[in-house]
Q: 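Provided herewith is a single structure, encoded as structure tokens, for subsequent inquiry.
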Protein chains: 2
Amino acid sequence: MGLTKTEMFTDQQNEIALFAKAFGHPARVSILQHLFKIDSCVCGDLVSEIGLAQPTISQHLKELKHLGLIKGNIEGTSVCYCIDKENWAAMKNVMSEFLDQDLSQKQECC
Amino acid sequence: MGLTKTEMFTDQQNEIALFAKAFGHPARVSILQHLFKIDSCVCGDLVSEIGLAQPTISQHLKELKHLGLIKGNIEGTSVCYCIDKENWAAMKNVMSEFLDQDLSQKQECC
DNA sequence: TTTATTAATCGTAATATTGCAATATAATAA
DNA sequence: TTATTATATTGCAATATTACGATTAATAAA
């Protein structure tokens, strides 16, 4: 089917999955790392930096923007994309709660 | 195309994406949370707990096992699945390095 | 206005993922 | 041996994702 049955999961579970899905492609990981590294960017830089076609990068950027992890300001003919640090921090809180489950001490069972 | 061009990314970027992809479905998030919660489990419990069909759960478990995040021991006719805590900790290190990029202080650009 | 330049959108092909019915496999019980 | 129980595998349909050429839109420069 390819259709995720979101209604049978909690909002938290769906939110974790949405963020994780965004990081589930190396191009988006690379884009985010690059944005953090130079702390400002235009789409063209990313195209030459990463090696995918311009429409592909644009599509990945759109997804990240839709999730709120990045924001873009138009500067002339180019667009200055950067990390939305506030939303990034909020995302980290959501993901940490999931990733740090192992910190509540329990026995190993098998 | 639907084909990720992994060869143009670093091993680290691909590894982050692989883990993230595993968390990119609420059923797998739910399965992992459940395994942490009861610290032991058989597949049947998960089927009734989550509400997806048995083959679907089995498939999700297979993916998580393949990634090394869980392990399964056969106990009679059932299988005891549980978190592989060592590999979970290793995964967290990989993910944290990515998620904590914002901790290196920089200016907001736009 | 015309001509770059840059990024977004559209359309589409190829591949991946999700979900489940049907079936197979494996271990145990009767 | 023959059920029974529990999980895995197979096969397939439906949907999602990825990638990119072609085009469009918007601004800047000439």
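Chain letters run A, B, ... following the sequence lines, proteins first and then strands; every chain starts at 1.
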Q: Where along residues 15-28 of chain B does a heavy atom come under 4.0 Å from DNA chain C, residue by residue in number order?
A: B:K21, B:H25, B:R28
Q: From CG of A:N73 over to P of C:dT6, roughly how many Å is that when rounded to an integer?
A: 18 Å
Q: Please report the C-alpha distance between A:L35 and A:C41 in whole Å, then the side-chain angles of each, then the deciding distance to 0.1 Å, and finally whether the side-chain contact (heavy atoms from CB on, under 4.5 Å) criterion is met.
A: CA-CA 6 Å; A:L35 289 182; A:C41 201; 3.1 Å; yes
Q: Can you list the steps and then say if A:M91 with B:L99 is a side-chain contact (heavy atoms from CB on, under 4.5 Å)?
A: CA-CA 9 Å; A:M91 175 279 295; B:L99 294 172; 3.7 Å; yes
Q: Just verifying a value: how many Å separate B:I70 CD1 and B:L64 CG, rounded to the nearest 0.5 Å?
A: 4.5 Å
Q: Tell me which of B:G76 and A:I57 sits closer to the 5' end of DNA chain C, going by the nucleotide each one is nearest to.
A: A:I57
Q: Report the distance from atom CG of A:L67 to atom C1' of D:dT17, rounded to the nearest whole Å.
A: 15 Å
Q: Anything under 30° is parallel, anything over 60° is perpendicular, the rest tilted; go ahead and classify B:W88 against B:F36.
A: perpendicular
Q: Any chain of hydrophobic side-chain contacts (each under 4.5 Å) joining A:I38 to A:V42?
A: no
Q: Answer yes or no: are there more than 12 heavy-atom neighbours, outside A:D11 itself, under 6.0 Å from its atom CG?
A: no
Q: Report which part of the nucleic acid A:L52 touches: base, sugar-phosphate, or nothing (heavy-atom distance under 4.0 Å, all strands).
A: sugar-phosphate
Q: Show me the protein contacts with nucleotides 3-10 of chain D, counting only N or O atoms at under 3.5 Å.
A:
from  : atom 1 : to    : atom 2 : distance (Å)
D:dA6 : O4'    : B:T77 : O      : 3.3
D:dT7 : OP1    : B:C43 : N      : 3.1
D:dT7 : OP2    : B:G44 : N      : 2.9
D:dA8 : OP1    : B:Y81 : OH     : 2.5
D:dA8 : OP2    : B:S58 : OG     : 2.9
D:dA8 : N7     : B:Q54 : NE2    : 2.6
D:dA8 : N6     : B:Q54 : OE1    : 3.0

Q: Distance check needed: D:dT18 C1' versus B:N14 CG, whole Å only.
A: 14 Å
Q: Nearest 0.5 Å please: distance from the CG atom of B:L67 over to the CZ atom of B:F23.
A: 7.5 Å
Q: Provide, to the nearest angstrom, the distance between the CD1 atom belonging to A:I70 and the P atom belonging to C:dA7.
A: 13 Å
Q: Would you call A:K92 and B:D100 a salt bridge, taking side-chain N to carboxylate O under 4.0 Å as the test?
A: yes
Q: Which sits closer to the 5' end of DNA chain D, A:H60 or A:I74, going by the nucleotide each is nearest to?
A: A:H60
